[in-house]
Chemist: 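Take a look at this one; I'll ask things after.
Below, all heavy atoms of this structure are taken into account, side chains as well, without hydrogens, waters or symmetry copies. Naming: A, B, ... by sequence-line order, numbering from 1 per chain.
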Protein chains: 2
Amino acid sequence: MDQRLIQLDQGSGGRAMHELIDGLFISAFSNPLLAERNDSAVFEVGAGRIAMTTDSYVVDPIFFPGGNIGCLAVHGTVNDLAMRGAKPLYITVGFILEEGLDLGDLEKIVSSMADAAREAGVQIVAGDTKVVPRGKADKIFINTSGVGIVPPGINIGGANARPGDAVLINGTIGDHGMAVLCKREGLALENEIKSDAAALNGLVDQMITACAGIRVLRDPTRGGVATTLNEIAEQSGVGIRLFEEQIPIREDVAGACEILGLDPLYVANEGKVLVIVPRDEAQAVLSAMQSHPLGLGARCIGEVVSNDPGRVFLRTRIGGHRLVDMLRGEQLPRIC
Amino acid sequence: MDQRLIQLDQGSGGRAMHELIDGLFISAFSNPLLAERNDSAVFEVGAGRIAMTTDSYVVDPIFFPGGNIGCLAVHGTVNDLAMRGAKPLYITVGFILEEGLDLGDLEKIVSSMADAAREAGVQIVAGDTKVVPRGKADKIFINTSGVGIVPPGINIGGANARPGDAVLINGTIGDHGMAVLCKREGLALENEIKSDAAALNGLVDQMITACAGIRVLRDPTRGGVATTLNEIAEQSGVGIRLFEEQIPIREDVAGACEILGLDPLYVANEGKVLVIVPRDEAQAVLSAMQSHPLGLGARCIGEVVSNDPGRVFLRTRIGGHRLVDMLRGEQLPRIC
């Protein structure tokens, strides 16, 4: 029996699982709430509004340029909280491990989660570990759930876009999806494409400080910018126009998309945020974004309009307009 | 293409996923927070203490006598909150679906989750759906995470047991584990063994009303009563003595355990709670338990002692004592 591979009994609830939890998770995620080893973590909050979210991660491969499934899982849940203007505080983590998973890989993933949590200022306060027999899962799946505090006066949500608003983004699109796909397919490019996976709560803080009236924040993950803007257009009952020449994209990402026949508007991002703000506050928010390391490439890429409610159009470089629908079919399974 | 099987594009983030979410999840879990379709649910809380927990469910088979993976996932997280004395309020759910999963099975599971949530008085306010290709998961895995409010004056945790305390349980042991195992192995018994899967928050409410000074509550799931009591003995630095003749067990469960060579003390429960209370309050708590449908079979099964800290001993029917360690190895993978 190889001691460096995950065994079924490490998910049994018994001694082997306790040793894994104590030796790896509690020591890596080190905080007093987790160390209590109770059925739930208990913490104090002041009166107010709490945001709560969940995401499961099944990305393949589990390591990719710019990140791995572990930091991705922390960033993703931090970001879903930040998208409501919440200050992320506490995260839970549920592991589903395949028997035979390399323990060294698990250690790297856990250590990367601990780093990501520390950098984002959140604590991992509760967890769960299941192990399934070989062939019943694929290496490792991770769920993270989280809660955060929504400051008074903030009201950010997908139904708040209004005609005349500006649509901003903090940088280039499609980096995460293409990084994962190139790695998965063994595509050798001149320059390796790196995932943009990052925690956006610091950037969002800075934006909210500049403009408390931000209407919508949403991270364009699965389904990409196109699908996310369609969601917002439907929820708000507005139309959205994108300006193709304003949408930032790295040359190598655009090239890889072309080779693979993918539209970058539908490719997943993990460190990008779409921002909808009243037009007269757009410049202040853009400046706030550009003064943060994760917003250096921020741009205004579109506008909210009253016609064509629920629909997104792209004004192309040559001046035409084409309908940009939600993603149909599945171009990139297991991208996050 | 069979429209009644889960397809990869239902996890894409795109149109097919939105249709699945709107048509199945949002309609079944019907509540205004989920229907907002935002990245996080936002709700108001008063100042105080919040409990937070997570669990992933990988049980095999996904349907078993007395329940299925869906209601199990809701009960489990409700119970983990109740074990800190918290009033469970909000639940999130993360689905990992295998391509080809029968959509009818998913509908049954989701409907059973909705029923379980309603009965337990919790709302499912956020969710996530991933689909992985055939063979990369086994039908369906579910994560549930939850938060609840801990009432003032309640301080329940695994480190609070004191010598002299009584150890209570609300009914028979091993029902869930044996129900799942008999179903999985196709073991035909005269009477079908049913899982005890149930939400314990109502029972716990009634117990706390009878005695605010309850020291420890813990549900003996994976690893069973033996492992759970070992955890408490370690956390509290006390010894625990169990009285074999007092431990309630159904005859058919005891029989099935004997056939399969399993010790029922290590078999999982999903509707049982171990209760540690000061001895002079034990009778009041027992009466409160026995007046609730889920506590009719409540008994005092042991006591907390000062010697042998961190260890659990069983006083056998014939008067001997044997050490009851945590579960070692894995007797029943994928029991929850």
Chemist: Does this structure show an ion pair linking A:R222 with B:D128, if we count only N-O contacts that are shorter than 4.0 Å?
Modeler: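 Between B:D128 and A:R222 there is a salt bridge, with a charged N closer than 4.0 Å to a carboxylate O.
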
Chemist: Should the pair A:E234-B:R15 be classified as a salt bridge under the 4.0 Å nitrogen-to-oxygen rule?
Modeler: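 Yes, A:E234 and B:R15 are salt-bridged.
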
Chemist: Taking every non-hydrogen pair under 4.5 Å, which of B:V131, B:V147, B:I232 racks up the most with chain A?
Modeler: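 The candidate making the most pairs under 4.5 Å is B:V147.
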
Chemist: Please state whether the side chain, the backbone, both or neither of B:L8 comes within less than 4.5 Å of a heavy atom of chain A.
Modeler: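 Backbone plus side chain of B:L8, per the 4.5 Å heavy-atom cut-off to chain A.
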
Chemist: Using a 4.5 angstrom heavy-atom cutoff, name the option from A:A126, A:A82, A:A137 with the most pairs to chain B.
Modeler: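 Highest number of pairs under 4.5 Å: A:A137.
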
Chemist: Among B:A41, B:G13, B:G158, which has the most heavy-atom pairs under 4.5 Å with chain A?
Modeler: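 When all of B:A41, B:G13, B:G158 are compared, B:A41 has the most.
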
Chemist: What part of B:L217 gets closer than 4.5 Å to chain A, counting heavy atoms only: side chain, backbone, both or neither?
Modeler: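 Answer is backbone: N, CA, C or O of B:L217 sit under 4.5 Å from chain A.
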
Chemist: Between B:R49, B:M52, B:E99, B:Q235, which shows the greatest number of heavy-atom pairs under 4.5 Å with chain A?
Modeler: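 Of the options given, most contacts go to B:M52.
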
Chemist: Who among A:G48, A:A51, A:G157 has the most heavy-atom pairs with chain B under 4.5 Å?
Modeler: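 That would be A:G48.
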
Chemist: Ring centres of A:F95 and A:F25 under 6.0 Å apart?
Modeler: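 Yes, the ring centres sit under 6.0 Å apart.
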
Chemist: Salt bridge check, B:R334 against B:D138: does any charged N sit closer than 4.0 Å to a carboxylate O?
Modeler: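 Yes.
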
Chemist: Name the region of B:E44, side chain, backbone, both or neither, that has any atom closer than 4.5 Å to a heavy atom of chain A.
Modeler: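 B:E44 touches chain A through backbone and side-chain heavy atoms alike.
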
Chemist: Is any NZ, NE, NH1 or NH2 atom of the basic residue among B:D39 and A:R84 found under 4.0 Å from an Asp or Glu carboxylate oxygen of the other?
Modeler: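 Between A:R84 and B:D39 there is no salt bridge, as every charged N stays at least 4.0 Å from the carboxylate O atoms.
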
Chemist: Sort out for me which of A:R37, A:K130, A:E36 touches chain B most, counting heavy-atom pairs under 4.5 Å.
Modeler: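 Winner by heavy-atom pair count: A:K130.
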
Chemist: Can you tell which of A:E231, A:K139, A:K136, A:M83 has the highest number of heavy-atom pairs within less than 4.5 Å of chain B?
Modeler: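 Looking at each of A:E231, A:K139, A:K136, A:M83 in turn, A:K136 comes out on top.
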
Chemist: Do other residues, nucleotides or ligands put more than 12 heavy atoms under 6.0 Å from the CZ atom of A:R311?
Modeler: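 Not buried by this count: 12 neighbours or fewer within 6.0 Å.
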
Chemist: Could you walk me through whether A:E98 and A:R134 satisfy the salt bridge (Lys or Arg N to Asp or Glu O under 4.0 Å) test, starting with their C-alpha distance in whole Å, then the side-chain angles of each, then the deciding distance to 0.1 Å, before giving a yes or no?
Modeler: CA-CA 6 Å; A:E98 183 188 11; A:R134 267 172 219 271; over 6 Å; no

Chemist: Do you know which of A:V150, A:T227, A:V132 has the most heavy-atom pairs under 4.5 Å to chain B?
Modeler: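 Most heavy-atom pairs within the cutoff with chain B belong to A:V132.
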
Chemist: Among the options B:G224, B:A16, B:G223, B:G11, pick out the one with the most heavy-atom pairs lying under 4.5 Å from chain A.
Modeler: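 Result: the option with the highest number of such pairs is B:G11.
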
Chemist: Measuring heavy-atom distances to chain B, does A:L81 have an atom under 4.5 Å in its side chain, in its backbone, in both, or in neither?
Modeler: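 For A:L81, backbone and side chain are both near chain B.
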
Chemist: Just so I understand: if I count every heavy-atom pair under 4.5 Å between each of A:S56, A:G94, A:S40 and chain B, which residue has the most?
Modeler: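 Of the candidates given, the most pairs with chain B belong to A:S40.
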
Chemist: Kindly indicate, with the supporting measurements, whether the criterion side-chain hydrogen bond (donor to acceptor under 3.5 Å, both in side chains) is fulfilled by B:T54 and B:N143.
Modeler: CA-CA 7 Å; B:T54 193; B:N143 177 282; 3.1 Å; yes

Chemist: Is it the side chain or the backbone of B:V45 that comes within 4.5 Å of chain A heavy atoms, both, or neither?
Modeler: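 Both parts, heavy atoms under 4.5 Å.
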
Chemist: Using heavy-atom distances under 4.5 Å, tell me whether B:T53 contacts chain A through its side chain, its backbone, both, or neither.
Modeler: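 Both parts, backbone and side chain.
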
Chemist: Would you mind checking which part of B:D325 comes under 4.5 Å of any heavy atom in chain A, side chain (CB onward), backbone (N, CA, C, O), both or neither?
Modeler: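 The side chain, not the backbone.
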
Chemist: For the atom pair OG1 (A:T228) and CE (A:M326), what is the distance rounded to the nearest 0.5 Å?
Modeler: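 The CE atom of A:M326 is 8.5 Å from OG1 of A:T228, to the nearest 0.5 Å.
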
Chemist: Determine, step by step, whether B:R215 and B:N155 satisfy the side-chain hydrogen bond (donor to acceptor under 3.5 Å, both in side chains) criterion, reporting the C-alpha distance in whole Å, the side-chain angles of both residues, the deciding distance to 0.1 Å, and the verdict.
Modeler: CA-CA 7 Å; B:R215 312 243 211 226; B:N155 181 22; over 6 Å; no

Chemist: If I measure from the heavy atoms of chain A, does B:V216 come under 4.5 Å with its side chain, its backbone, both, or neither?
Modeler: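 Contact with chain A is absent: no heavy atom of B:V216 under 4.5 Å.
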
Chemist: Identify which one of B:L89, B:I91, B:T144, B:V204 satisfies the side-chain contact (heavy atoms from CB on, under 4.5 Å) criterion when paired with B:V78.
Modeler: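 With B:V78 as partner, B:L89, B:I91, B:T144, B:V204 yield a single side-chain contact (heavy atoms from CB on, under 4.5 Å), made by B:I91.
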
Chemist: B:F141 and B:Y57: aromatic ring centres closer than 6.0 Å?
Modeler: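 Not under 6.0 Å, so no.
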
Chemist: Let me know if B:T129 has heavy atoms under 4.5 Å from chain A in its side chain, its backbone, both or neither.
Modeler: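 Just its backbone gets close to chain A.
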
